[in-house]
J.: 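Mind looking over this structure? Questions follow.
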Amino acid sequence: EFPPTVGEREMVTILSRSHADRNVYPSAGVLFVHVLEREYFKGEFPPYPKSGDASNDPITFNTNLMGYPDRPGWLRYIQRTQHSDGVLYGSPTAEHVGKPTVIEITAYNRRTFETARHNLVINIMATEEFPLPYQAEFYIKNMNVEEMLASEVLGDFLGAVKNVWQPERLNAINITSALDRGGRVPLPINNLKEGVYVMVGADVPFSSCLREVESPHNQLRCSQEMEPAISCDKKFRTQFHIDWCKISLVDINKVVPVYITRPDPGTGILPEFGEYNPPSESLKSRNYFSDFLVTLAVPSAVALVLFFIIGYTMCCRREGVEKRNMQTPDIQLVHHSSIQKSTKELRSMSKNREISWPLSTLPVFNPVSGEVVPPIHPDNYETTSMPLMQTQANLQNQITIPQQRLAICRTSSACVICD
């Protein structure tokens with residue numbers, strides 16, 4: 001037996017990913033649930049060459065109506081994590097009876113990036129008992145929608161409702177997540193759930209237990225955000241926490257149908273507006289040079305004129321020092337000049353005077369005699385009690401530096417310097 005060629009190996013791989021369509025036959029008005037099992041698609045992916053646990057590969061699903069980007073309006077899909085199964089669920093209506101609905105299901109292996117696809121053909125069947133006349137919708141607080149869609153959990157809930165209602169025929173009509181009704185995502189504490197609405201239908205009127213929520217006493221408790229007193233709540237409490245204030249009881253025999261009048265559809269042809277004349281193919285080229293001049297040249301010219309005006313005003317219209325002196329009276333100029341000369345003379349004389357040096361800058365020797373100046377703080381001084389800012393009065397052994405005192409005698413002809 002010869003080994004398969006490359007083409008035969010490719011053919012085997014392709015055949016392993018393709019299979020016949022799957023047909024299901026739900027009934028109109030009855031809850032439809034289809035589980036997309038991860039185990040069903042694992043065998044369709046080729047073996048991964050690297051080591052790893054192939055049984056725990058993350059797999060996600062994408063579902064859409066064939067030829068369309070999304071699913072039908074009555075069909076919903078949920079998958080909580082990449083390691084859990086996906087679920088298609090919904091309640092088909094009578095208008096979909098006899099119309100096969102082909103759903104394309106694409107599975108993605110998030111580890112190997114391989115895909116597998118197959119089609120689910122939904123053939124909706126008509127039922128004589130559709131719709132059931134009495135419908136009740138319960139709000140269950142301690143369940144998520146994927147938990148409620150499990151056949152065992154849903155069967156337990158229908159069994160509890162049947163014990164309370166005692167109907168001959170009882171069906172689950174629809175299941176809706178509380179998030180789809182405007183509910184909030186619960187906090188990830190204390191194992192809080194999103195909540196789920198479950199609608200069931202029966203062929204007999206509502207029991208007295210279900211009618212208890214309509215009593216004035218219970219309605220008052222609901223308005224005060226208190227739990228109503230329902231006698232049959234203990235039959236649900238072991239597994240299902242029902243919010244009885246949100247229960248809805250509908251008798252479709254008493255519901256008045258509302259007919260919305262729609263205008264008759266037209267022929268789809270627009271009224272006559274004459275013949276349409278499209279523009280010619282040979283369009284004349286347009287010259288944008290004049291637009292360029294108006295847009296760029298005109299503002300540039302205005303800016304240039306303003307520049308010359310401001311430059312002439314600032315540079316050519318200055319008075320200057322000479323013109324200022326010519327317009328100033330002579331007596332004012334002489335007075336100003338004498339004040340300026342006196343100021344310069346006083347400043348030059350102040351530079352020649354010797355002043356007392358600051359204590360922080362005293363040298364270690366006498367600049368006149370060259371003698372070494374003893375320390376400012378003798379050893380018998382307690383420096384810790386001395387102030388930070390020393391003055392000449394605080395220093396006992398301060399050696400004064402000879403200074404010359406200048407006495408300026410203001411005369412008409414000379415200055416006398418006295419020692």
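Sequence positions, counted from 1, serve as the residue numbers for this chain.
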J.: Within a reach of under 6.0 Å around CD of E214, are more than 12 heavy atoms found that belong to other residues, nucleotides or ligands?
T.: yes

J.: For the residue pair N174 and L31, what are the closest heavy atoms and their distance?
T.: CA-CD1, 4.1 Å

J.: If you compare all heavy atoms of I59 against all heavy atoms of A107, which two are closest, and at what distance to 0.1 Å?
T.: CG2-CB, 4.2 Å

J.: Near Q224 CD, under 6.0 Å, is it more than 12 heavy atoms from other residues, nucleotides or ligands?
T.: yes

J.: Determine whether the aromatic ring centres of F61 and Y108 lie less than 6.0 Å apart.
T.: no

J.: After noting the C-alpha distance and the side-chain angles of K141 and K193, does the key distance pass the side-chain contact (heavy atoms from CB on, under 4.5 Å) rule?
T.: CA-CA 7 Å; K141 298 184 291 184; K193 303 293 184 178; over 6 Å; no

J.: Is E137 paired with R181 through a side-chain N to carboxylate O contact shorter than 4.0 Å?
T.: yes

J.: Taking the six-membered ring for Trp and the single ring otherwise, decide whether the centroids of Y134 and F206 are under 6.0 Å apart.
T.: yes

J.: Quick check for you: to the nearest 0.5 Å, what is the distance between I105 atom CD1 and N64 atom CG?
T.: 9.5 Å

J.: Can you confirm whether more than 12 heavy atoms, excluding those of N253, are under 6.0 Å from its CG atom?
T.: yes

J.: Taking C-beta and beyond as the side chain, do P72 and T101 meet within less than 4.5 Å on heavy atoms?
T.: yes

J.: Quick one: does any side-chain atom of R221 pair with a main-chain N or O of E227 as donor and acceptor, under 3.5 Å?
T.: yes

J.: Can S177 and D180 be counted as having a side-chain donor-acceptor contact under 3.5 angstrom?
T.: no

J.: For Y77 and Y89, work out which heavy atoms get closest and say how close.
T.: N-CE2, 4.3 Å

J.: Would you confirm whether S337, through its side chain, and V334, through its main-chain N or O, come within 3.5 Å as a donor-acceptor pair?
T.: no

J.: What distance separates T63 OG1 from L36 CG, expressed to the nearest 0.5 Å?
T.: 7.5 Å

J.: Got a second to check how far S91's OG is from I124's CD1, nearest 0.5 Å?
T.: 9.5 Å

J.: What verdict does the side-chain contact (heavy atoms from CB on, under 4.5 Å) test give for V33 and L88, after you've listed the backbone C-alpha separation in whole Å, the side-chain angles of each residue and the deciding distance to 0.1 Å?
T.: CA-CA 6 Å; V33 180; L88 286 169; over 6 Å; no

J.: Would you please test R184 and E194 for salt bridge (Lys or Arg N to Asp or Glu O under 4.0 Å) and show each step?
T.: CA-CA 8 Å; R184 300 180 62 180; E194 298 172 357; over 6 Å; no

J.: Let me confirm one number: the OG1-CG distance from T115 to N62, rounded to the nearest 0.5 Å.
T.: 11.0 Å

J.: Looking at the rings of F157 and F138, which for Trp means the six-membered one, are their centres under 6.0 Å apart?
T.: yes

J.: Show your working on side-chain contact (heavy atoms from CB on, under 4.5 Å) between N144 and M148 and close with a plain yes or no.
T.: CA-CA 6 Å; N144 290 333; M148 197 66 198; over 6 Å; no

J.: Can you tell me if S215 uses its side chain to pair, donor with acceptor, with the backbone of E212 under 3.5 Å?
T.: yes

J.: Kindly give the heavy-atom pair with the smallest separation between S348 and E345, and that separation in Å.
T.: OG-O, 2.7 Å

J.: Backbone N or O of I173 within a donor-acceptor pair of the N171 side chain at under 3.5 Å?
T.: no

J.: R38 and Q82: which non-hydrogen atoms are nearest, and at how many Å?
T.: NE-O, 3.5 Å

J.: Is it the case that over 12 heavy atoms from other parts of the model lie below 6.0 angstrom from the NE2 atom of H83?
T.: yes

J.: Can you tell me how far CG of L154 sits from CD of E147, rounded to the nearest 0.5 angstrom?
T.: 13.0 Å

J.: Taking the side chain as every heavy atom from C-beta outward, state whether V24 and N123 have any pair of such atoms under 4.5 Å apart.
T.: no

J.: Between R80 and D85, does at least one N-O distance fall below 4.0 Å, as a salt bridge requires?
T.: no

J.: Identify the two heavy atoms, one from P186 and one from L192, that lie closest to each other, and give their separation to 0.1 Å.
T.: CB-CB, 3.8 Å

J.: For the backbone of H335 and the side chain of Q340, can you confirm whether one donor and one acceptor N or O come within less than 3.5 Å of each other?
T.: no

J.: Do T60 and Q79 come within less than 4.5 Å of each other through their side chains, counting heavy atoms only?
T.: yes

J.: How long is the straight-line distance from OG of S84 back to CD of E146, given to the nearest 0.5 Å?
T.: 7.5 Å

J.: Let's go through I103 and L65 carefully: what are the C-alpha distance in whole Å and the side-chain angles of both, what is the deciding distance for side-chain contact (heavy atoms from CB on, under 4.5 Å) to 0.1 Å, and is it a yes or a no?
T.: CA-CA 5 Å; I103 303 298; L65 182 64; 4.1 Å; yes

J.: When you compare the side chain of Y40 with that of R22, does any pair of heavy atoms fall below 4.5 Å?
T.: yes

J.: I'd like to know if R111 pairs up with D57 as an ion pair, taking the criterion as any Lys NZ or Arg NE/NH1/NH2 lying under 4.0 Å from an Asp or Glu carboxylate oxygen.
T.: yes

J.: How about H118 and F41: are their ring centres within less than 6.0 Å of each other?
T.: yes

J.: Does the side chain of W244 come under 3.5 Å of the side chain of D233 through a donor N or O and an acceptor N or O?
T.: yes

